[in-house]
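Beneath this line is the structure, given in C-alpha cells, with notes to follow.
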Amino acid sequence: MPATELQDVGAAQGTRGAKGTAGATDAGVLETRLTGLSRDEFARDIWARTALLTRRASDFSDLFSADAVDELISRRGLRTPFLRVAKDGSTLPESSFTSPAGVGATIGDQLDDTALWRAFADGATLVLQALQRTWGPVADFTAGLSTELGHPVQANAYVTPPQNRGFDDHYDVHDVFVLQIDGAKRWLVHQPVHPDPLRDQPWTDRRGAVAEAAKGEAYIDTVLEPGDVLYLPRGWLHAAQAQGEVSIHLTLGIHTWTRYTLAEQLAQSALAVLRDDPQMRGTLPLGVDGPDGELDLVRERLVAALTQADSAPLFHRARRSQARPAPLGPLAQLKTVDGLGPHSRVRLRGQLEARLEGARLSTRVGWLDFPETELPSVTSVLDGAVRTAGELGVDLAARLLRAGVLVPAEQ
C-alpha cells in the first residue's frame, strides 16, 4: 500500500477524552475524529478517489460500545429492519431471529434476544442498521458529518464473533467510513472493478469480476484496532474478518449525490416543461412505423426544455427526503408554546434543510407561506442562532413552534 495513503494521527492529536471531542475545535469531525486532514485536504486528495487508513484517529467510546449493542438488542424493542443477521456470506431470514412482543403488544417481528444470542454464538454477524435513528450519540455524530460533507449519512454497526466473517468480498454503492470500536478486524481492500457505481449497480451484477479481483494482491491488507478509521469510496472491494475476540465496528455510509442524479432531476424538470407544449402533446401521424421523422422535432424541443428547466427545487426536495430533522420533544414543545412570552428563547430546529424561496419556507417538516412583513424575521432564524420570541414577534414564534420549525433554545 502506498505510504502516502496511510495516516497515523495519534501522536499529533494526543489522547482524546471520551466526551466532548467532536466539538473540541472548529475544524469539524472530519479532521478532529476521522482523518486528521482538513476538509480541503480531504476533498482535494482523498474524497471519491482513493482509500485512506487513519491509525488512532479518535476514541469512539462516546459513540458506541458493547454495552450499547446489548442495550439495543435486549431492551429497546427494536424491530426489523433495524437488525439483520449474516453468516457465511448470506443473510438469515428475519423469522429466525424475531418473535411476538408479548402481552399488550400486537407486534410480531421484534428482536428475539435468545435467538440472536444462539445465532451469534454459532458464528453469525449482527448488523444493527440505521443507528442514526436509534442511538443518540451516533445520530448527533452523523448529523454533524452530513452537514460537513453535504451528503446524507447513515450508520450501521457490525458485531462479529471471533474468527468469523459476515460477508464475502463485495463493493458498496456509497462511500463509507469504518470506525473500529472494539476488538480487531482484518480488512482486505482491492481497487474497483466498476468505479463509481450508481445505486442501481450493485456488486451482485459483477459477482464474477469481484471474485476474480479479490484473488489478486490487496491494495490494503491490515488489521483495524479500536480508534482506527478506514475510508473507502464507493466501488472499492472489501472483506473483513474478526480476529481473536469479538469485533464491533461502525460503518458510516455516505450516500453521495452524483452528476447522474442531477442529470435525472434536470431531465424530470425538462419533461415537466414539455407537458405544457401543445405540439409535444400532439398525437403522432397515422401509419407511423417508428420514430423516424419525429425525433428531430422532439430532440429540438427537449434541448430547449433542458435549457429552460430549473432542477434546483427538485434537488432540494430530494435532499430533504433523504434524512429526518433533529429530534423534537412533544412535551417540551407544548410547554414552550403554552408559556411563550417576549423573553422566551427559541432557535431553528436542527437538520431541517430549511430554505426560504420567495415568501415560502420549505423544510423537512413541510412548508409555510408568510406575508412580506414577516420575511425579515423568518430570514433571521435561518442562521440557527438563539432568538427571543419578542425579537421575532410572539405570534410568529408561536406559529413556527407549532409547525415544528422552531424549538426551545435549551432543547
Side-chain angles (χ1 to χ4, degrees), residues 5 7 9 13 21-54 57-58 60 62-64 129-133 135-157 171-180 192 195-199 228-236 238 249-262 264-265 312 315-326 348-355 363-364 382-384:
E5 306 303 341
Q7 301 288 324
V9 298
Q13 292 182 313
T21 53
T25 75
D26 295 331
V29 298
L30 188 66
E31 179 175 349
T32 61
R33 305 205 66 181
L34 296 180
T35 68
L37 301 174
S38 71
R39 185 177 181 275
D40 289 345
E41 290 171 328
F42 182 77
R44 182 190 65 221
D45 300 329
I46 306 298
W47 173 247
R49 291 179 177 84
T50 190
L52 175 70
L53 172 63
T54 309
S58 184
F60 297 119
D62 59 323
L63 295 185
F64 206 64
Q129 303 193 126
L131 285 172
Q132 77 279 3
R133 292 289 301 129
W135 196 251
V138 173
D140 293 340
F141 189 86
T142 55
L145 182 60
S146 178
T147 298
E148 192 171 343
L149 297 177
H151 297 262
V153 179
Q154 181 239 351
N156 292 350
Y171 65 75
D172 294 320
V173 295
H174 49 266
D175 293 26
V176 299
F177 285 98
V178 177
L179 286 57
Q180 189 67 27
D196 299 325
L198 298 174
R199 293 178 190 178
D228 293 345
V229 174
L230 177 64
Y231 165 74
L232 298 176
R234 57 196 164 103
W236 281 67
H238 55 277
H249 76 261
L250 283 177
T251 292
L252 308 181
I254 318 301
H255 292 258
T256 52
W257 296 101
T258 67
R259 294 182 182 90
Y260 185 84
T261 303
L262 295 182
E264 285 184 313
Q265 293 170 345
F315 175 75
H316 291 297
R317 283 201 299 274
R319 278 181 64 99
R320 285 192 288 270
S321 70
Q322 288 290 315
R324 297 170 66 104
L348 185 70
R349 186 178 178 184
Q351 292 96 59
L352 268 188
E353 284 287 333
R355 289 176 59 84
T363 76
R364 281 191 169 128
L382 298 183
D383 62 5

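- Every residue two or more places apart in sequence or in another chain that forms a side-chain hydrogen bond (donor to acceptor under 3.5 Å, both in side chains) with Tyr231 is listed here: Asp175.
- Under the side-chain hydrogen bond (donor to acceptor under 3.5 Å, both in side chains) criterion, Thr251 pairs with His249, not counting sequence neighbours.
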* Asked: Given the rule in the side-chain contact (heavy atoms from CB on, under 4.5 Å) test, do Leu131 and Leu250 qualify, once you have shown the distances and angles that lead to the verdict?
  -> CA-CA 9 Å; Leu131 285 172; Leu250 283 177; 3.6 Å; yes
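- To the nearest 0.5 Å, the span separating CZ on Arg320 from CZ on Arg355 amounts to 7.5 Å.
- Leu232 CG to Tyr171 OH: the interatomic distance, rounded to the nearest 0.5 Å, is 14.5 Å.
- Taking Arg324 as the reference, Arg133 meet the side-chain contact (heavy atoms from CB on, under 4.5 Å) condition, with sequence neighbours excluded.
- Listed by chain and number, the residues in a ring pair (Phe, Tyr, Trp, His ring centres under 6.0 Å) with Tyr260 amount to none (sequence neighbours excluded).
- In this structure, CD on Gln351 lies 12.5 Å from OG1 on Thr363, to the nearest 0.5 angstrom.
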* Asked: Stepwise, does the salt bridge (charged side-chain N to carboxylate O under 4.0 Å, His left out) test hold for Arg33 with Asp62?
  -> CA-CA 12 Å; Arg33 305 205 66 181; Asp62 59 323; 2.9 Å; yes
* Could you walk me through whether Thr258 and Leu198 pass the side-chain contact (heavy atoms from CB on, under 4.5 Å) test, one step at a time? => CA-CA 8 Å; Thr258 67; Leu198 298 174; 4.2 Å; yes
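- The side-chain hydrogen bond (donor to acceptor under 3.5 Å, both in side chains) search around His255 returns none, not counting sequence neighbours.
- Residue Leu230 holds its CG atom at 12.5 Å from OG1 of Thr35, rounded to the nearest 0.5 Å.
- Listed for the Thr50 side chain is no donor-acceptor partner under 3.5 Å among the backbone atoms of Ile46.
- Nearest heavy-atom pair, Leu252 versus Ala155, reported as atom, atom and distance to 0.1 Å: CD2-CB, 3.8 Å.
- Residues satisfying the side-chain hydrogen bond (donor to acceptor under 3.5 Å, both in side chains) criterion with Glu353, sequence neighbours excluded, are Arg319.
- Within the 4.5 Å cutoff, side-chain heavy atoms of Asn156 are placed close to those of Gln154.
- Dense packing is recorded around CZ of Arg49, with more than 12 heavy atoms of other residues, nucleotides or ligands lying under 6.0 Å away.
- Taken from CD in Gln265 to NE2 in His316, the straight-line distance is 9.5 Å, to the nearest 0.5 Å.
- Residues satisfying the side-chain contact (heavy atoms from CB on, under 4.5 Å) test with Glu148, not counting sequence neighbours, are Val29, Leu30, Arg39.
- Between Thr256 and Arg199 the shortest side-chain heavy-atom distance does not fall below 4.5 Å.
- The closest side-chain heavy-atom distance from Pro152 to Trp257 is below 4.5 Å.
- With hydrogens and angles disregarded, a donor-acceptor distance shorter than 3.5 Å links the side chain of Arg364 to the backbone of Ala323.
- Ring geometry for Phe64 against Trp135 counts as perpendicular: the plane angle is over 60°, on a 0 to 90° scale with 30° as the lower cut.
- For Asp172, the side-chain contact (heavy atoms from CB on, under 4.5 Å) partners at least two apart in sequence or on another chain are His170, His174, Val176, His238.
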* Asked: Checking side-chain contact (heavy atoms from CB on, under 4.5 Å) for the pair Gln132/Val153: CA distance, chi angles, key distance, verdict?
  -> CA-CA 8 Å; Gln132 77 279 3; Val153 179; over 6 Å; no
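- When the side-chain contact (heavy atoms from CB on, under 4.5 Å) test is applied to Ser38, the partners found at least two apart in sequence or on another chain are Glu31, Asp40, Glu41.
- Leu34 is listed as a side-chain neighbour of Leu179, based on a closest heavy-atom distance under 4.5 Å.
- Once rounded to the nearest 0.5 Å, the distance linking CD1 of Ile254 with CG of Leu149 reads 5.5 Å.
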